[in-house]
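Single-structure report; data block below.
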Amino acid sequence: MSGLVLKLRPAERVLINGVVIENGDRRSRLNILTPNANILRLRDAIHPSEASTPVTRVCYLAQLILAGEADEEKGRAQLLDGLGQLAFVFNDGSAHDILMEATAHAKASMIYQCLRALKSLRTIEVTLFAKSDVGRVPQPTDA
């Protein structure tokens, strides 16, 4: 296995096994050779208040595992449960394929790769919510 390759922007921060690392003033590339290292790009981190949709809640759970803030075994079980629930919504097309990829990564304890796949699913979720007018307050003229 060749490991994970991280391409970092200048001054970008990444959390690796609980240690925050900041890149210098140039772009750089890190090859992570240790299998199952816990890695989280801080630019991708989700604040708890932002975990307000089904996909972002699952992403936040993956983030907690990567940050070492959740028990890895219990967190992975919860992550797989959340992914299973998402399968009821994303049951066909490219969203389903992305979800299956994320699930395969979670089953293999490859949480960073799972989170990367879920990032694509977040974009699809935003589009779905925009199309459905979720949260729209009915206006008196709607009656």
Side-chain angles (χ1 to χ4, degrees), residues 1-139 142:
M1 180 176 176
S2 64
L4 176 68
V5 176
L6 290 176
K7 296 177 184 174
L8 301 175
R9 297 176 183 165
E12 184 174 2
R13 292 180 179 181
V14 64
L15 180 75
I16 301 176
N17 289 343
V19 177
V20 176
I21 299 170
E22 184 175 80
N23 190 27
D25 58 353
R26 294 186 184 160
R27 296 179 71 136
S28 65
R29 177 180 158 144
L30 297 174
N31 295 320
I32 309 298
L33 302 178
T34 303
N36 300 322
N38 291 325
I39 298 167
L40 175 65
R41 287 179 184 269
L42 294 183
R43 71 176 173 181
D44 294 334
I46 299 170
H47 190 274
S49 65
E50 295 171 353
S52 58
T53 66
V55 175
T56 57
R57 286 186 201 108
V58 174
C59 288
Y60 184 69
L61 183 53
Q63 175 182 307
L64 290 176
I65 297 167
L66 289 175
E69 295 180 20
D71 177 74
E72 193 167 340
E73 189 175 315
K74 289 179 184 177
R76 193 167 69 94
Q78 291 175 340
L79 178 61
L80 288 168
D81 184 51
L83 291 166
Q85 291 175 20
L86 290 176
F88 289 108
V89 177
F90 300 107
N91 54 13
D92 63 353
S94 63
H96 176 74
D97 295 342
I98 293 167
L99 184 58
M100 291 301 99
E101 177 187 349
T103 302
H105 288 313
K107 287 180 179 178
S109 295
M110 299 168 64
I111 307 302
Y112 179 79
Q113 289 84 349
C114 174
L115 187 58
R116 279 184 42 204
L118 286 170
K119 188 175 179 181
S120 300
L121 201 57
R122 285 177 67 189
T123 305
I124 294 170
E125 181 185 54
V126 167
T127 304
L128 288 174
F129 280 155
K131 286 182 181 178
S132 68
D133 283 335
V134 170
R136 182 176 165 267
V137 177
Q139 301 299 317
D142 290 346

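Closest of all the heavy-atom pairs between C59 and R122 is SG-CD, 3.6 Å. The two residues I124 and S94 have their closest heavy-atom pair at CD1-OG, 4.3 Å. Across every non-hydrogen atom of L115 and A62, the tightest pair is CD1-CB, 4.1 Å.
Between atom CG of residue L6 and atom CD1 of residue I39 there is a gap of 5.0 Å, rounded to the nearest 0.5 Å. A distance of 10.5 Å separates CG of L118 from OG1 of T56, quoted to the nearest 0.5 Å. Expressed to the nearest 0.5 Å, how far CG of L8 lies from CZ of R29 amounts to 11.0 Å. Between the CD1 atom of I46 and the NZ atom of K119 there is a distance of 10.0 Å, given to the nearest 0.5 Å. Here the CG atom belonging to L80 is positioned 8.0 Å from the SG atom belonging to C114, to the nearest 0.5 angstrom. Note that CG of L64 and CG of D71 are 12.0 Å apart. Values are rounded to the nearest 0.5 Å.
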Fill in: Evaluation steps, side-chain contact (heavy atoms from CB on, under 4.5 Å), between V55 and F90
CA-CA 10 Å; V55 175; F90 300 107; 3.7 Å; yes
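Proximity of T53 to V126: side-chain heavy atoms (C-beta onward) are nowhere separated by under 4.5 Å. Looking at V58 and L79, their side chains come closer than 4.5 Å, going by heavy atoms from C-beta outward. Between L99 and L121 the shortest side-chain heavy-atom distance falls below 4.5 Å. Counting heavy atoms from C-beta outward, N23 and R9 have side chains that stay 4.5 Å or more apart. In this structure the side chain of L86 never reaches within 4.5 angstrom of the side chain of E125, judged on heavy atoms. The side-chain heavy atoms of Q85 and P54, taken from C-beta on, include no pair separated by under 4.5 Å. Contact check for Q63 versus L40: side-chain heavy atoms found under the 4.5 Å cut-off.
In this structure, the side chain of N17 engages the main chain of N38 through a donor-acceptor pair within 3.5 Å.
Within 6.0 Å of atom CZ in R57, more than 12 heavy atoms from other residues, nucleotides or ligands are found, so the atom counts as buried in its surroundings. Counting non-hydrogen atoms of other residues, nucleotides and ligands closer than 6.0 Å to CZ of R26 gives a total of 12 or fewer. More than 12 heavy atoms of other shown residues, nucleotides or ligands fall within 6.0 angstrom of atom CD in E12.
Remark: of the listed residues R43, R13, R41, R13 is the sole one forming a salt bridge (charged side-chain N to carboxylate O under 4.0 Å, His left out) with E22.
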